[in-house]
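Got a structure here, written out as structure tokens. Questions coming.
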Amino acid sequence: MNIGQYTFEEFKQKAKEFHGYPAPGLLIGGYMVEAAKARLPEGTLFEAMVESGKCLPDAVQLLTLCSTGNNWMKVKLLGRYAVSLYDKFTGKGFRVAVDLEKLAKWPEIRAWFLKEKPKAEQDTEQLFKEIEEAGDTICSIRPVVIAKRYLGHGHMTTIDVCPVCGEAYPGSDGSICRGCQGEAPYESIEGAVCSDDAPALRVVPVEQAVGKQVVHDMTGIEPGESKGPITKAGDILGIGDVCRLQRIGKFNVYDGEALPGDEWVHENDAVKAFAKRMAGPGVTYDPDPEEGKINFFAEYPGMLSIDLDALSRFNLSPDVMLATRHDGSLMPEGKGIAGTRAIPLYISRDRFSRALTALGEGPVLSVLPLKPAKVGILVTGTEVFQGLIEDKFIPIVSSKVIQLGCTVHRTDIVPDERAAITKAAKAMLDSGCDLIVTTAGMSVDPDDVTRAALEDAGLHADHYGVPMLPGTMTLVGKLRNAAIIGVPACALFYKTTAFDVVLPRVLAGQELRRKDLARLGEGGFCMNCKTCSFPKCPFGK
């Protein structure tokens, strides 16, 4: 079977010249690329999305104009042997993947693809023969629409000079190049300078430092009574300070007239730069560091939102730290939420720049006000609708939403009937509810049709299942412009469930992604204490 305009043997030779040898994956990839091309309307300007970095990208580059160099081919390393060709403007196209079920007829391809045989035991000639005979019949081919974020091309707006290595790089990568952010693959480069050691500061007896500038805050502690600076950075040391410092064990100080050069950043200058990048809406702080650190406070009541990826990147950077309260915590006005500092007295400018870059464009910390939603509570259950069981859900959910400043706008009880649930949900939307809480009907029982009924009502951007116990079968999503939370029946028995953790995030307007919900797994196991102290406990944190 030909591969586009080439015979199988011609393509084998092209693969050998381009790839170094005629790899089986590249030969199969040729059939995959041609299968996708054949299904695109003639004249389509297309791009490629490849899900494996092995062989398949070379097939795309051999048979199309798409390459990583012109950015018409994007390699998304998902570990799946699949390629999509799609209209570069609409994202509509076709995805071709190796189908394991179809490999049953081709034992040598299957053994190679699943690595069931060591390479030395493979029958290469038979493998090539099967690949030529099978062509694209071993593939599944399905229409796809590529996500909008992958359409179009980013444009390089500025070129900066990296302050660490002195080389040019895209300014959009941050305040230093990505190589100096720690992504360089080299252990060493000839001529590179390492500036990780601490600067050599001159030390003098405290009595000889009278009249000189204090280099850093010097802290005095009275156990159980007080802790604070005896002298602060920038103060001029007086005679009266000598006795106070000696009393707390400070007999030597740094000479304030022999400070390091510009390649070093003082802890106070560093932490001020960090704080400016970290603080977002609803976060306030004193710009004057104390003891080399800056603490952050809630400017108004709300929910603490943390860029956890940036927090992790920053704390992976040497010589710096940021400690916070738990993401998603409810904060009263004025409450402390975090603190940051540069750990040594002086941090190298290299490490300072890397730490700033790790923070990204910021902010890392925000306090999001809770929106006082109009809540609709939709109870599902035939047994409740028929009065066989008294409803307990409406009072439970009402108390939780009212406590967070919401109003209960509408309530309804409907049987476990798909059409009835759909109709009730739409009625709540029409009445002006901007948050709908459904109860029960979320498990795997055949009578549980709540989720399907919500899909009929227009459920979208939804995630079903939260890694928390109790409350695993919680649902979050959207109905039109309203938020929706599906609460499983366990909320009748347990005082605290995943609903209590998700509710503030929804009211704060967070767009909950699967990644956000996955992080709730750590701390998501309730200990079922006899006396519940939530939220002052580890659950959901």
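Values below: all heavy atoms of this structure, side chains included; hydrogens, waters and symmetry mates excluded.
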In Å and rounded to the nearest 0.5 Å, what is the SG to CG distance from Cys526 to Leu469?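 These two atoms lie 9.5 Å from each other.
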Let's go through Met468 and Val501 carefully: what are the C-alpha distance in whole Å and the side-chain angles of both, what is the deciding distance for side chain to side chain contact (heavy atoms under 4.5 Å, CB included) to 0.1 Å, and is it a yes or a no? CA-CA 10 Å; Met468 304 186 76; Val501 176; 3.6 Å; yes
Below 4.5 Å, heavy atoms only, C-beta onward: do Met303 and Pro369 meet side chain to side chain?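 The answer is no; the side chains never approach within 4.5 Å.
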In Å, rounded to the nearest 0.5 Å, how long is the span from CG of Leu365 to OH of Tyr285?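 If we round to the nearest 0.5 Å, Leu365:CG and Tyr285:OH are 11.0 Å apart.
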Give a yes or no on this: more than 12 heavy atoms of other residues, nucleotides or ligands lie within 6.0 Å of atom NZ of Lys276.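 Atom NZ in Lys276 is not crowded, with 12 or fewer foreign heavy atoms closer than 6.0 Å.
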Ion pair Asp327/Arg505, N-O distance below 4.0 Å: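 The answer is yes: the pair qualifies as a salt bridge.
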Ile146 versus Asp87: any side-chain heavy-atom pair under 4.5 Å?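 Not in contact.
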CZ of Arg351 to CG of Leu356: how many Å apart, nearest 0.5 Å?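 Arg351 CZ to Leu356 CG: 15.0 Å, rounded to 0.5 Å.
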Could you check if a side-chain atom of Thr474 sits within less than 4.5 angstrom of a side-chain atom of Pro488, using non-hydrogen atoms only?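 Heavy-atom side-chain distance check passes, below 4.5 Å.
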Looking only at heavy atoms, which two atoms of Gly458 and Leu479 are closest? And how far apart?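 The pair with the smallest heavy-atom distance is C-CD2, 3.5 Å.
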NZ (Lys335) with more than 12 external heavy atoms under 6.0 Å: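 No, not enclosed.
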Ignoring hydrogens, what is the shortest heavy-atom contact between Glu267 and Arg341? Give both atom names and the distance.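 Heavy atoms of Glu267 and Arg341 come nearest at OE1-NH2, 3.7 Å.
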Donor-acceptor pair, side chain of His409 and main chain of Ser431, under 3.5 angstrom: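 Confirmed, His409 side chain pairs with Ser431 backbone.
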Answer yes or no: is there a donor N or O on one side and an acceptor on the other, between the side chain of Lys541 and the main chain of Arg325, under 3.5 Å?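 No; judged by distance alone, with no hydrogens or angles, the pair does not exist.
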Are the side chains of Val50 and Val60 in contact, using a 4.5 Å heavy-atom criterion?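 Val60 vs Val50: side chains touch.
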Can a donor-acceptor pair be found, under 3.5 Å and without considering hydrogens, that links the side chain of Ser329 to the backbone of His326?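 Yes.
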So, does Asn71 use its side chain to make a donor-acceptor pair with the main chain of Thr68 at under 3.5 Å?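 Pair absent, no side-chain N/O of Asn71 close to backbone of Thr68.
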Is it the case that over 12 heavy atoms from other parts of the model lie below 6.0 angstrom from the NZ atom of Lys371?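 Count not over threshold, so no.
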Apply side chain to side chain contact (heavy atoms under 4.5 Å, CB included) to Val75 and Leu77, showing your working. CA-CA 6 Å; Val75 180; Leu77 297 177; 3.6 Å; yes
Once side-chain hydrogen bond (donor to acceptor under 3.5 Å, both in side chains) is applied, what residue pairs with a partner in residues 519-533 remain, sequence neighbours excluded?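 Found Asp309-Arg519.
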Please check if the side chain of Asp434 supplies one atom and the backbone of Lys374 the other of a donor-acceptor pair under 3.5 Å.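 Answer holds: yes.
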What distance do Leu492 atom CG and Lys392 atom NZ have between them, rounded to the nearest 0.5 Å?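 If we round to the nearest 0.5 Å, Leu492:CG and Lys392:NZ are 8.0 Å apart.
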Minimum heavy-atom separation for Pro363 to Gly280, with atom names?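 Heavy-atom minimum between the residues: CB-CA, 3.4 Å.
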Phe525/Phe539 aromatic ring centres below 6.0 Å: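 No, they do not, as the ring centres are separated by 6.0 Å or more.
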Is any side-chain heavy atom of Leu345 closer than 4.5 Å to one of His266?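 Contact flag for His266/Leu345 side chains = yes.
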Any chance you could measure Lys74, atom NZ, to Leu151, atom CG, to the nearest 0.5 Å?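 Answer rounded to 0.5 Å: 7.5 Å.
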Salt bridge or not for Asp500 and Lys400, using N-O below 4.0 Å?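 Salt bridge between Asp500 and Lys400, a charged N being under 4.0 Å from a carboxylate O: yes.
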Any donor-acceptor pair under 3.5 Å from Asn315 side chain to Leu322 backbone: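 Such a contact is found between Asn315 side chain and Leu322 backbone.
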Answer yes or no: is there a donor N or O on one side and an acceptor on the other, between the side chain of Ser353 and the main chain of Arg349, under 3.5 Å?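 Yes, because the side chain of Ser353 sits within donor-acceptor range (under 3.5 Å) of the backbone of Arg349.
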Within the distance-only criterion (no hydrogens, no angle test), does the side chain of Thr340 pair as donor or acceptor with the backbone N or O of Ile294 below 3.5 angstrom?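 Side chain of Thr340 to backbone of Ile294: no pair is present.
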So, the side chain of Arg410 versus the backbone of Val375: is there a donor-acceptor pair under 3.5 Å, distance only?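 No, because the side chain of Arg410 does not come within donor-acceptor range (under 3.5 Å) of the backbone of Val375.
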What are the two closest non-hydrogen atoms of Leu370 and Pro504, and how far apart are they?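 Closest approach of Leu370 to Pro504, heavy atoms only: CD2-O, 3.5 Å.
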Which is it for Val364 and Leu359 under the side chain to side chain contact (heavy atoms under 4.5 Å, CB included) test, yes or no, and what are the steps along the way? CA-CA 7 Å; Val364 181; Leu359 290 172; 3.7 Å; yes
Quick one: OG on Ser317 to CZ on Phe274, what's the gap to the nearest 0.5 Å?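 The CZ atom of Phe274 is 8.0 Å from OG of Ser317, to the nearest 0.5 Å.
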Any donor-acceptor N or O pair under 3.5 Å, side chains Ser348, Glu263: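 No, because no side-chain N or O of Ser348 sits under 3.5 Å from a partner of the opposite role on Glu263.
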Evaluation steps, side chain to side chain contact (heavy atoms under 4.5 Å, CB included), between Ile485 and Phe499: CA-CA 8 Å; Ile485 305 176; Phe499 173 61; 3.8 Å; yes
For the student: nearest non-hydrogen atoms of Gly292 and Asn268, plus distance: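 Nearest heavy atoms, Gly292 then Asn268: CA-OD1, 3.6 Å.
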Flag side-chain contact, heavy atom, 4.5 Å: Leu435 against Leu507: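 Result yes, sub-4.5 Å side-chain heavy-atom pair found.
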Could you check whether any side-chain heavy atom of Tyr346 comes within less than 4.5 Å of a side-chain heavy atom of Val265, counting everything from C-beta outward?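 Counting from C-beta outward, Tyr346 and Val265 never come under 4.5 Å.
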Locate the shortest heavy-atom distance separating Cys532 from Thr496; write the atom from each residue and the value.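 Residues Cys532 and Thr496, closest heavy atoms: SG-OG1, 3.3 Å.
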Has Tyr300 got a side-chain atom pairing as donor or acceptor with Gly282's backbone, closer than 3.5 angstrom?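 Indeed, once roles are kept as given, a pair shorter than 3.5 Å links the two residues.
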Are the side chains of Asp516 and Gln510 in touch, meaning some heavy atoms are under 4.5 Å apart?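 In short, these two side chains do not touch, never coming nearer than 4.5 Å.
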Check the surroundings of atom CG in Asp430: do more than 12 heavy atoms from other residues, nucleotides or ligands lie under 6.0 Å from it?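 Enclosed: over 12 neighbouring heavy atoms sit under 6.0 Å from CG of Asp430.
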What do you reckon, is NZ of Lys92 surrounded by more than 12 foreign heavy atoms closer than 6.0 Å?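 Result for NZ/Lys92: open.
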Ring centroid separation Tyr86 to Tyr150 under 6.0 Å: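 No, the ring centres sit 6.0 Å or more apart.
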